[in-house]
Amino acid sequence: MMEELKVHTDTMTAEPGEPLAPGTSDTTRRMTLNMGPQHPSTHGVLRVVIELDGETITKAVPDIGFLHTGIEKECEVKTWHQAVTLTDRVDYLANLSNNLCYALAVEKLMGDLEIPPKAQWMRVMLVELQRIASHLVWLGTHALDLGAMTMFFYCFREREDVLRIFEMFSGQRMMTSYIRPGGLALEPPRGWQQRVRKFIDAFPSKVDEYENLLNTNPIWMQRTKGVGFISVETMLDLGVTGPMLRGAGIAWDIRKSEPYSSYDKFDFDVAVRTGNDVYSRFQVRMEELRQSARIVKQALEGMPEGPWTANAPHMMLPDREKMKTQMEALIYHFKIVTEGYRVPAGEAYQVIESPRGEIGYYAVSDGTAHPWRVFMRTPSFGNLQSLPAMIEGALIADTIASMGSMDFVLGDVDR
Amino acid sequence: MLPDPLKSHRTAAALEAFDSAAILGGHTDRDELTLLIAPERIAGICRMARNDLGFIRLSAITAVDWLPAEPRFEVVYLLHSIDHNERVRLKCRVADGQEIDSVTSVWRGANWYEREVFDMFGIRFRNHPDLRRILMPLDWEGYPMRKDYPVHGYKYSYPSDQEGP
């Protein structure tokens with residue numbers, strides 16, 4: 001056992017330095033630096049072992065798994081209905097995106113479900129608000145790491161508005177579980193339109209504020225321009241997705257290429273930049289904030305009328321009022337809560353564009369009420385794998401900027 | 001052998017033409033193409049799919065434990081082509097203890113996914129550059145995602161779970 005533990009700490013292959021003979025200069029020795037697991041710039045629990053030659057990084061080895069909570073394993077002992085709550089906790093800054101991906105995967109397995117337009121548009125609106133909230137956390141913390149403290153307060157001010165909207169819809173600020181297989185969990189609350197309109201009307205001017213503070217700020221530009229370069233081929237090879245790839249000139253967005261939940265009915269542009277550095281990733285995400293605001297506005301103005309869940313009483317919990325007056329509703333409620341609903345045997349891989357990149361849920365059913373396997377292809381896991389390629393050969397001082405531009409969430413990496 | 005309905009499918013037909021002995025079967029389910037590949041030929045099929053068919057992205061690698069079926073595991077490769085906007089699922093059936101070739105030489109991104117499959121299911125990948133546990137601690141015993149592994153683990157199990165697999 002001791003032997004194994006020793007291996008665990010020796011992630012690096014660097015030889016321990018021999019004591020130097022007196023009188024010789026120590027100019028060629030490399031230094032191994034342990035960054036994390038508790039490092040403020042990772043905003044989670046990530047350990048990176050870095051080998052340094054002077055100020056240049058010669059080798060970097062990420063060590064992950066500190067936040068592993070066995071979510072995929074736990075899905076297998078829950079019912080399909082209960083597992084929604086676990087998807088919230090995968091990427092805790094993009095809960096609704098994970099809810100949506102899971103819901104779409106289960107709906108694909110169910111086969112004949114027809115999700116009404118209102119539910120689809122509402123889903124689009126909510127995940128775009130989620131994208132705004134997630135990008136705001138990224139922008140605030142990324143700028144804070146690079147010394148721009150004002151941004152943090154600005155961003156969290158607006159994020160709070162979004163979280164209040166989520167609370168209005170679902171009763172929860174973060175772990176919403178609002179998008180469920182079959183539709184939405186609850187009827188949209190009275191007065192949501194005013195709330196969302198108030199936010200979305202004001203938001204574009206807020207993005208202007210952020211850009212005024214950062215876009216031409218000399219310190220910001222020096223710390224981000226030309227930093228964190230990684231070639232497009234390497235990125236594709238390593239499984240990088242999302243804004244990082246779009247910052248390198250690849251106009252690939254799953255919302256356009258494989259539209260889900262009626263995204264094809266919305267008018268928006270894919271944000272692409274070609275700089276392939278921290279600054280262009282920043283620009284891509286700023287543009288995405290504006291585009292998301294555009295989508296939310298369209299959803300708000302064109303929201304269809306009608307039901308907010310599919311006509312699937314065996315899947316969706318009935319209305320509380322109906323349970324008191326209708327026998328069938330009571331029976332369905334009892335069946336869903338005690339044994340769950342059955343999902344036809346088969347498998348489905350559903351991908352969506354989350355704020356961080358490609359989320360994929362690979363759901364396998366054996367025909368019972370419990371998932372046989374739910375695999376979560378999380379964007380942060382794929383993106384983080386490119387960290388060594390990005391920072392090796394660069395200066396140690398740029399590590400924080402590079403890592404910030406990846407926008408990983410450690411819960412999403414470790415699941 | 002490729003079933004007849006898939007003979008006209010561009011990707012399936014191209015892979016069959018490349019190495020017909022590697023394709024053990026396939027089907028389209030819910031508009032998603034799945035091909036069953038012989039485990040010893042997976043690396044060649046993946047290389048061909050990447051270089052000639054445009055599947056430059058590996059979305060993920062995962063596995064499914066079908067206990068008590070034999071062979072027990074399915075290793076699942078989720079491929080994606082940005083150019084053709086197409087996704088393919090390749091599957092290999094492997095028994096407990098059977099090794100399978102690593103595809104890290106095809107996509108470098110396979111590295112962490114194969115480590116995760118090894119960590120969670122105990123499936124070993126031949127020629128993998130760094131096959132260590134990735135999510136669990138290095139001194140962990142057992143493979144948590146196997147179906148015979150109790151959800152609470154062995155250390156903190158309830159008495160009824162103590163018998164083990």
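To find a chain, count down the sequence lines: A is the first, B the second, and so on, and within it residues start at 1. Every value quoted in this text rests on a predicted model; they were computed, and no experiment measured them.
- Using a 4.5 Å cut-off between heavy atoms, A/Leu109 touches chain B through backbone and side chain atoms alike.
- In this structure, chain B has a heavy atom under 4.5 Å from the side chain of A/Glu358, while its backbone stays farther away.
- Looking at A/Pro379, neither its backbone nor its side chain comes within 4.5 Å of chain B, counting heavy atoms on both sides.
- In terms of non-hydrogen atom pairs under 4.5 Å with chain B, the most contact-rich of A/Gly382, A/Gly239, A/Ala348, A/Gly360 is A/Ala348.
- With hydrogens and angles disregarded, a donor-acceptor distance shorter than 3.5 Å links the side chain of A/Arg377 to the backbone of B/Ser59.
- Residues of residues 66-77 of chain B having a heavy atom under 4.5 Å from any heavy atom of chain A, listed by number: B/Trp66, B/Leu67, B/Val76.
- Atoms OH and CD, from A/Tyr349 and B/Glu32 in turn, are 10.0 Å apart once rounded to the nearest 0.5 Å.
- For the pair A/Arg373 (side chain) and B/Ala63 (backbone), a donor-acceptor distance under 3.5 Å is present.
- Salt-bridge annotation for B/Arg50 and A/Asp237: present, with a side-chain N of the basic residue lying under 4.0 Å from a carboxylate O of the acidic one.
- Side-chain contact check for B/Trp112 versus A/Pro62: some heavy-atom pair is nearer than 4.5 Å.
- B/Ile134 touches chain A through backbone and side chain together, each having a heavy atom under 4.5 Å away.
- For A/Phe375, the part lying under 4.5 angstrom from a heavy atom of chain B is the side chain only.
- The contact between A/Thr241 and chain B is made entirely by side chain atoms (from C-beta outward), counting heavy-atom distances below 4.5 Å.
- Using a 4.5 Å cut-off between heavy atoms, B/Arg89 contacts chain A through its side chain alone, with no backbone atom that close.
- For A/Phe381, the parts sitting under 4.5 Å from any heavy atom of chain B are the backbone and the side chain alike.
- Options A/Glu74, A/Arg415, A/Gln385 differ in how many heavy-atom pairs under 4.5 Å they form with chain B, and the most are formed by A/Gln385.
- Listed here is the closest heavy atom pair of A/Val413 and B/Leu135: O-CD2, 4.3 Å.
- One finds the CG atom of A/Leu238 at 13.5 Å from the CH2 atom of B/Trp107 (value rounded to the nearest 0.5 Å).
- Ranked by heavy-atom pairs under 4.5 Å with chain A, the first of B/Leu78, B/Leu58, B/Asp29 is B/Leu78.
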Show the numbers, then the answer: is there a ring-ring contact (aromatic ring centres under 6.0 Å, His included) between B/His80 and A/Trp252?
CA-CA 12 Å; B/His80 176 229; A/Trp252 172 54; 5.0 Å; yes

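- Contacts of A/Glu76 with chain B are made by side-chain atoms alone, with heavy-atom separations under 4.5 Å and no backbone atom involved.
- Interface check for chain B: of the options A/Glu233, A/Glu347, A/Lys108, A/Glu258, the most heavy-atom pairs under 4.5 Å are formed by A/Glu347.
- Looking at B/Arg115, neither its backbone nor its side chain comes within 4.5 Å of chain A, counting heavy atoms on both sides.
- For the set B/Val106, B/Asp65, B/Asp130, B/Ile56, the count of heavy-atom pairs under 4.5 angstrom toward chain A peaks at B/Asp65.
- Under a cut-off of 6.0 angstrom, the local environment of CG in A/Asp264 is crowded, with over 12 non-hydrogen atoms contributed by other residues, nucleotides or ligands.
- Ranked by heavy-atom pairs under 4.5 Å with chain B, the first of A/His68, A/Glu72, A/Lys73 is A/Lys73.
- The environment of B/Arg133 atom CZ is dense: over 12 non-hydrogen atoms of other residues, nucleotides or ligands sit within 6.0 angstrom.
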